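Numbers for residues simply follow the sequence, beginning at 1. Because the structure is a prediction, the values reported are computed rather than measured.
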Amino acid sequence: MFKKIMGAVAVIEKYLLAITMAVTLAFTFANVIGRFVFNHSLAFADELVIALFVFVSLMGAALCAREDNGLIGLALFSSRLTGSKKMMQKLLSGIVSIFYCVVLTWQGFIRMVSSMQQGEHTFVMHLPRWIFWSFIPICGVCLILHFIENLSNFLSTKKNEEVCQ
């Protein structure tokens, strides 16, 4: 059941990433054309593209966390580990990653609520700033879920390997 739900979440994330990247590309291209052809910059495009870049970075990291070795890591020592040491390293790495994502999500949520309470708005578009701060807890939850999924897949694979031996 969890795998099916996470598969659906991953599909939604992929569509969101594709749409967000298309919007980012369109606004960046329009801004470049505006600057060089019309000698006029779209001021809101910079603000929007920066906010969308945060979303794309975190959501992309969440999708990469779903894959084993999907995120960049230093495997200097871990590649040399075998057996129970490799399993302990993978468990510790997964737990630390989940803990970090919980802290990231919590801090993003606190900042989002604070921004909401203070009535902060963006400088150019005058949109509520909490909308953009919400990207951090939303993507943080996705990161947590995908790290749990990755760890769960690793543990079930290890159990299957032990049963077969």
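- Distance check, rounded to the nearest 0.5 Å: CD of Gln89 to OG of Ser84 gives 12.0 Å.
- Leu16 and Leu145 fall into different hydrophobic clusters, defined by Ile, Leu, Val, Met, Phe, Trp and Tyr side-chain heavy atoms under 4.5 Å apart, directly or through other members.
- Between the side chain of Ser134 and the main chain of Ile131, a donor-acceptor pair closer than 3.5 Å is present.
- Tracing side-chain contacts under 4.5 Å through hydrophobic residues (I, L, V, M, F, W, Y), one never reaches Val9 starting from Ile19; they form parts of separate clusters.
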Distance-only criterion, 3.5 Å: show the donor-acceptor pairs between side-chain atoms of residues 39-50 and protein atoms not counting sequence neighbours.
residue	atom	partner	partner atom	Å
Ser41	OG	Asn31	OD1	3.1
Asp46	OD1	Asn31	ND2	3.2
Glu47	OE1	Thr122	OG1	3.1
Glu47	OE1	Met125	N	3.0
Glu47	OE2	Phe123	N	3.2
Glu47	OE2	Val124	N	3.0

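- Using a 4.5 Å heavy-atom threshold, the side chains of Phe99 and Val103 count as touching.
- A distance of 10.0 Å separates CZ in Arg66 from CG in Asn150, rounded to the nearest 0.5 Å.
- A donor-acceptor contact shorter than 3.5 Å is absent between the side chain of Ser114 and the backbone of Ile110.
- In this structure, Phe147 is not a member of the same hydrophobic cluster as Leu63, with clusters built from ILVMFWY side-chain heavy atoms closer than 4.5 Å.
- Remark: Met21 CE is loosely packed, at most 12 non-hydrogen atoms of other residues, nucleotides or ligands lying under 6.0 Å away.
- The heavy-atom pair separating Ala62 from Cys139 by the smallest distance is CB-O, 4.4 Å.
- A side chain to side chain donor-acceptor pair (under 3.5 Å) check over residues 5-29, counting only residues at least two apart or in different chains, returns the pairs Glu13-His146.
- Linking ILVMFWY residues whenever their side-chain heavy atoms come closer than 4.5 Å, directly or via other members, leaves Ile33 and Val23 in distinct clusters.
- From Trp130, atom CH2 reaches atom CH2 of Trp133 across 14.5 Å, with rounding to the nearest 0.5 Å.
- Atom CG of Leu143 and atom CD1 of Ile148 lie 11.0 Å apart (nearest 0.5 Å).
- Side-chain heavy atoms closer than 4.5 Å link hydrophobic residues (I, L, V, M, F, W, Y) into clusters, and following such links, possibly through other members, connects Val113 to Val54.
- At least one donor-acceptor pair closer than 3.5 Å links the side chain of Thr105 to the backbone N or O of Cys101.
- Contact of the Pro128 side chain with the Glu120 side chain is not registered, since no non-hydrogen atoms from C-beta on lie closer than 4.5 Å.
- Note that the CG atom of Leu104 and the CG atom of Leu58 stand 6.5 Å from one another [nearest 0.5 Å].
- Asn153 places a side-chain heavy atom less than 4.5 Å from the side chain of Lys3.
- Interatomic distance, CE of Met6 versus OG of Ser152, reported as 10.0 Å (0.5 Å rounding).
- Using a 4.5 Å cut-off on side-chain heavy atoms (C-beta onward), Met59 and Phe135 make no contact.
- Inter-residue side-chain proximity for Ile98 and Leu151 is flagged as met; some heavy-atom pair is nearer than 4.5 Å.
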